[in-house]
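What follows is a set of notes on a single structure, which appears directly below.
Labels below follow one simple rule: chain letters A, B, ... track the order of the sequence lines, proteins then strands, and each chain is numbered from 1.
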Amino acid sequence: MSESDFLGELAWRGMLQQHTDGAGRMLAAGTVSGYAGFDPTAPSLHVGSLVPIMGLVHLQRQGHRPYALVGGGTGMIGDPSGKTTERTLQSIDQVMANAESIGVQLSRFLDFSGPRAAVLRNNADWLLGMGAVEFMRDVGKHLTVNYMIAKDSVKSRMDAGISYTEFSYMLLQAYDFVALRRRDGVTLQVGGSDQWGNMTAGVELIRRMDGAEAHAVTFPLLTTAAGAKFGKTEAGAVWLDADRTSPYQFFQFWINTDDRDVGRYLRLMTLLDREVIESLESDVIEHPERRGAQTALAREITARVHGHEAALIAGEVSRVLFGRGEVSGLAPAVLAALAKEVPGATVSRDEQLSLTDLFVRAGLVKSKGEARRVADQGGAYVNGERAASGLMLSEIVPLAGSYILLRKGARDYAMIQVAG
RNA sequence: GGUGGGGUACCCAAGCGGCCAACGGGAGCAGACUGUAAAUCUGCCGGCUAACGCCUUCGAAGGUUCGAAUCCUUCCCCCACCA
């Protein structure tokens, strides 16, 4: 058998873009240590990093040892790949802080126990201490400028200009591979297909410096059927950090996946079995209105990123906000999560407030006139029940003792918290 | 600097002494339909009021008039053409 289980798994998931010759042979021959690198350009990873993360997860599940490399050193330089202009340098403190928190995030995906325990590395450990002369003699001597300018990441910048700093980035990343092989025996690098040039430079450098064999495997870059950039919403990037993108918003991002994309995302970003995914895919075709595949996708990924408890709550909040959920009897934890997602206001129990006042207080409408209009048109809801404009605060029974969920129209919510 | 045209509600755009809170379109909101899609249909769309009605608004400030977005004066700002 020449095809390894790892590559086979990637292949049916549509996760295999290209790989160096012999990668399959090496993977089939025994336990391999492989790594993926992550840029500390922000204090959190976003959903765009999920594919390489899942690449490492599959690697570990198929009997190999995953290394997650945070680019604390390379982050000081900036990867020119896919960039049309020179990047601004980040401060050392910032890069280090980012590397730290990204490392924490990565550690949630991989198993750090057992014989093939995952390992976290930071290339600042070997790059920051390296001298310029040492670098040029030991590393730079092995690759020609001709080789480097032939790479797409450099070539595409030849017109607009590229600084020597970013030009050298490839060498640093290539050297990472060398360093990881020397200290940890890592012989495989995985990453997005935009990294192919840098990765093969590493393979080449290992061959020249150490005369050893190493391989590279790339994943396809994510696209959306609608042509939008993956991982972006009107609110900006979708982060893995709960403080930047709440579990509910994260859940919603996946729920809103286009029918045309959902099957691919299930393959790329969940560990669901092939049969399960295929049945979800046929469900999308036969019963698109059920949104079963989207729900499964959202549950799986949210649970993996934020934990099962948070995923359940996010699912509940989503169900309530989009009209299919019974409001009475919601758990306080769900109500609290809900309150964080919608605008709100606090009122005192004994205030003489009508429904129109509450809608104005909550910011759902601009004036009492508008509130009245909405209510008269049947668009005002209190705790899930259609309500008239004359309804008084004292007549409303708060949920869990203190929450009043207001809704205007189909999906505009606000939460009133009753104090006193 | 000269001449001509114009500034109307979120945007476009009618109105040119009372019937104007101001035609129409777009956007927005609500209802129906629907898959947390798209389209379609209906209603609403300055503020306060349960309502009669009251208040604020048509570049700004004054004025004429019983009454002004509409007429007059001054000012501010845009656009076009000519210097």
Handout entry: Donor-acceptor pair present, Q252(A) side chain and U36(B) base, under 3.5 Å
Key = yes
Practice task
Can you establish whether the number of heavy atoms outside R121(A) located under 6.0 Å from its atom CZ is more than 12?
Solution key: yes
How far, in whole Å, is [M] from [N] if one measures between their [atom1] atoms?
| N | M | atom1 | answer |
| --- | --- | --- | --- |
| U40(B) | A27(B) | P | 9 Å |
| C52(B) | G47(B) | P | 16 Å |
| A69(B) | G46(B) | C1' | 15 Å |
| C23(B) | C82(B) | P | 39 Å |
| C29(B) | C45(B) | C1' | 7 Å |
| C81(B) | U74(B) | C1' | 26 Å |
| C44(B) | A37(B) | C1' | 25 Å |
| A21(B) | G15(B) | C1' | 14 Å |

Which is true for [X] with a 4.0 Å heavy-atom rule: it touches a base, it touches only sugar-phosphate, or it touches nothing?
| X | value |
| --- | --- |
| D259(A) | base |
| R260(A) | nothing |
| Y381(A) | sugar-phosphate |

d([atom1], [X]; [atom2], [N]) in whole Å:
| X | N | atom1 | atom2 | result |
| --- | --- | --- | --- | --- |
| D412(A) | U36(B) | CG | C1' | 14 Å |
| I285(A) | A37(B) | CD1 | P | 21 Å |
| I255(A) | A37(B) | CD1 | C1' | 14 Å |
| F322(A) | U36(B) | CZ | P | 9 Å |

Is there a Watson-Crick or G-U wobble partner for [N] with both distances under 3.5 Å, and if so, which one is it?
| N | result |
| --- | --- |
| C20(B) | none |
| U3(B) | A80(B) |
| A39(B) | none |
| C75(B) | G59(B) |

Practice task
Scan nucleotides 44-53 of chain B nucleotide by nucleotide, 5' to 3', and note B when protein non-hydrogen atoms come under 4.0 Å of the base, S if they reach only the sugar-phosphate, - if neither.
Solution key: SS-SSBS---
For [Y], is there an ion pair with [X] - N to carboxylate O distance below 4.0 angstrom?
| X | Y | result |
| --- | --- | --- |
| R264(A) | D261(A) | yes |
| R319(A) | E316(A) | yes |
| R61(A) | E9(A) | no |

Fill in the blank from the handout: Of N256(A) and A380(A), the one whose closest nucleotide on RNA chain B sits nearer the 5' end is A380(A)
Problem - Donor + acceptor pair across side chains of Q195(A), Q189(A) (<3.5 Å) - result: no
Problem - Nearest-0.5 Å distance that lies between atom CG in N123(A) and atom CG in L180(A) - result: 8.5 Å
Exercise for the section: Determine whether F251(A) and R299(A) make a side-chain contact, defined as any pair of heavy atoms from C-beta on separated by less than 4.5 Å. Expected result: yes
